[in-house]
Amino acid sequence: MRRPIIVGNWKMQKTVPEAVALVEALNAVLTDVHEVDIGVAPPFTALAAVAEALRFSEIVLVAQNMHWEPRGAFTGEISAPMLTDVGCRRVIIGHSERRQLLGETDETVNKKLHAALGSTLDPILCIGETLEQREGNATFRVLEQQVRGGLAGVAGEAMRRVVIAYEPVWAIGTGKTATPEQAQEVHAFLRNLVTTLYGKTLAEDLRIQYGGSVNAGNIQTLMAQPDVDGALVGGASLEAASFARIVSFQS
Ligand code: PGA
């Protein structure tokens, strides 16, 4: 059985006081949820304060991005050692907003993935097709390229630490969720692909999150799909009550 993993991606939202208030509210309402891995990914500026607020919590601190070099002259960038230093345990890599708006490519995604795996950060590798690609029947080809490109050179042992997040670009922030059947179809495809690349045992253990307009109303049917193992949640993770309802989908 794969343990569900649900992460809130706050994107460029929340000041430090707002971020602390949100995790304090989550800590208070989520004391009974133990069968799900829960993470929050605040903006960099709030990581230290949120880490402090999560000191006695099961909620894990996640970074939204990182650079592949450990240090150096890279103005505006943040490295893996800096993220682990502040208490991050995971990092989101290759989010579609970074691919679409900030020049991220499979090559930079791959470099970041290797750097994360060389540190103690467990990566969440994001992949997803655009609406144009879906309508042009290119979905599986695009996803295969993103998986192969993102994971190039990653050995089986390290792969055990990777989570894949399938986030169709057309479903992010649009209120248009993939149907549970659409999500399942892609997740099954991805698990098959990982079986080809890493073998059946690893593929069976791999957790694949769905992301794109996940909310308290659709989480249950998504999680009921056999190959959907969790969610990466944007908008609906910004309020304690709605994120708490999402991570409590089993109750
Ligand atoms: P959304 O974002 O839930 O607001 O669609 C998901 C994501 O980008 O991870």
Side-chain angles (χ1 to χ4, degrees), residues 4-14 18-19 22-23 26 36-44 46-47 50 59-66 88-104 109 112-113 116 121-131 133-134 139 142-143 146-147 150 162-180 182-183 186-187 190 207-223 225 228-249:
I5 173 166
I6 299 182
V7 172
N9 172 14
W10 299 358
K11 307 189 180 182
M12 197 173 71
Q13 270 134 168
K14 305 288 179 190
E18 288 167 353
L22 176 50
V23 282
L26 288 174
V36 178
D37 284 349
I38 306 168
V40 291
F44 290 131
L47 286 174
V50 170
I59 301 171
V60 161
L61 190 63
V62 181
Q64 297 179 17
N65 178 39
M66 59 176 267
C88 290
R89 305 249 299 273
R90 291 186 184 278
V91 59
I92 298 170
I93 293 179
H95 189 279
S96 70
E97 284 148 17
R98 300 206 56 84
R99 292 181 191 255
Q100 306 260 305
L101 309 170
L102 294 151
E104 196 94 69
V109 166
K112 292 177 179 194
L113 206 90
L121 294 169
D122 291 342
I124 298 175
L125 168 62
C126 297
I127 57 169
E129 82 286 2
T130 63
L131 185 59
Q133 290 163 340
R134 178 162 278 266
T139 299
V142 167
L143 294 174
Q146 290 175 341
V147 168
V162 176
V163 168
I164 293 181
Y166 167 56
E167 299 203 296
V169 177
W170 48 271
I172 295 179
T174 58
K176 268 191 232 154
T177 330
T179 64
Q182 282 172 323
V186 167
H187 284 224
L190 294 171
R207 293 185 293 180
I208 307 174
Q209 295 177 305
Y210 168 79
S213 299
V214 172
N215 59 43
N218 58 30
I219 184 72
Q220 265 171 330
T221 48
L222 286 162
M223 291 302 292
Q225 302 303 311
V228 176
D229 309 310
L232 191 52
V233 186
S237 72
L238 296 173
E239 279 182 25
S242 75
F243 191 57
R245 288 217 305 280
I246 292 171
V247 300
S248 314
F249 71 97

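In listed order, ligands and their atoms are each counted from 1.
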Run the numbers for me: atoms of ligand 1, each under 4.0 Å from some heavy atom of [X], listed by number.
X    : result
A171 : 5 (O)
N9   : 9 (O)
G212 : 5 (O)
H95  : 7 (C), 8 (O), 9 (O)
S213 : 1 (P), 3 (O), 5 (O)
G235 : 1 (P), 3 (O), 4 (O)

Donor-acceptor contact below 3.5 Å, side chain [X] vs main chain [Y]:
X    : Y    : answer
Q182 : T179 : yes
S213 : A171 : yes
Q64  : A41  : yes
E104 : R98  : no
R99  : G94  : yes

With a 4.0 Å cut-off on heavy atoms, does S237 reach ligand 1?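 The answer is no, since S237 has no heavy atom less than 4.0 Å from ligand 1.
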Minimum-distance protein heavy atom relative to [atom]:
atom                   : result
atom 2 (O) of ligand 1 : K11 NZ, 3.3 Å
atom 6 (C) of ligand 1 : G234 N, 3.5 Å
atom 9 (O) of ligand 1 : E167 OE2, 2.6 Å

Who pairs with F243 by ring-ring contact (aromatic ring centres under 6.0 Å, His included), at least two apart in sequence or on another chain?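 By the ring-ring contact (aromatic ring centres under 6.0 Å, His included) rule, F243 matches no residue at all.
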With respect to A236, determine whether any N or O atom, backbone or side chain, lies less than 3.5 Å from an N or O atom of ligand 1. no
So for ligand 1, is G173 a polar contact partner (N or O within less than 3.5 Å, distance only)? yes
Parallel, tilted or perpendicular: which describes the rings of H187 and Y166, with under 30° parallel and over 60° perpendicular? perpendicular
For residues 88-97, pull every pair meeting salt bridge (Lys or Arg N to Asp or Glu O under 4.0 Å), keeping only residues two or more places apart or in separate chains. K11-E97
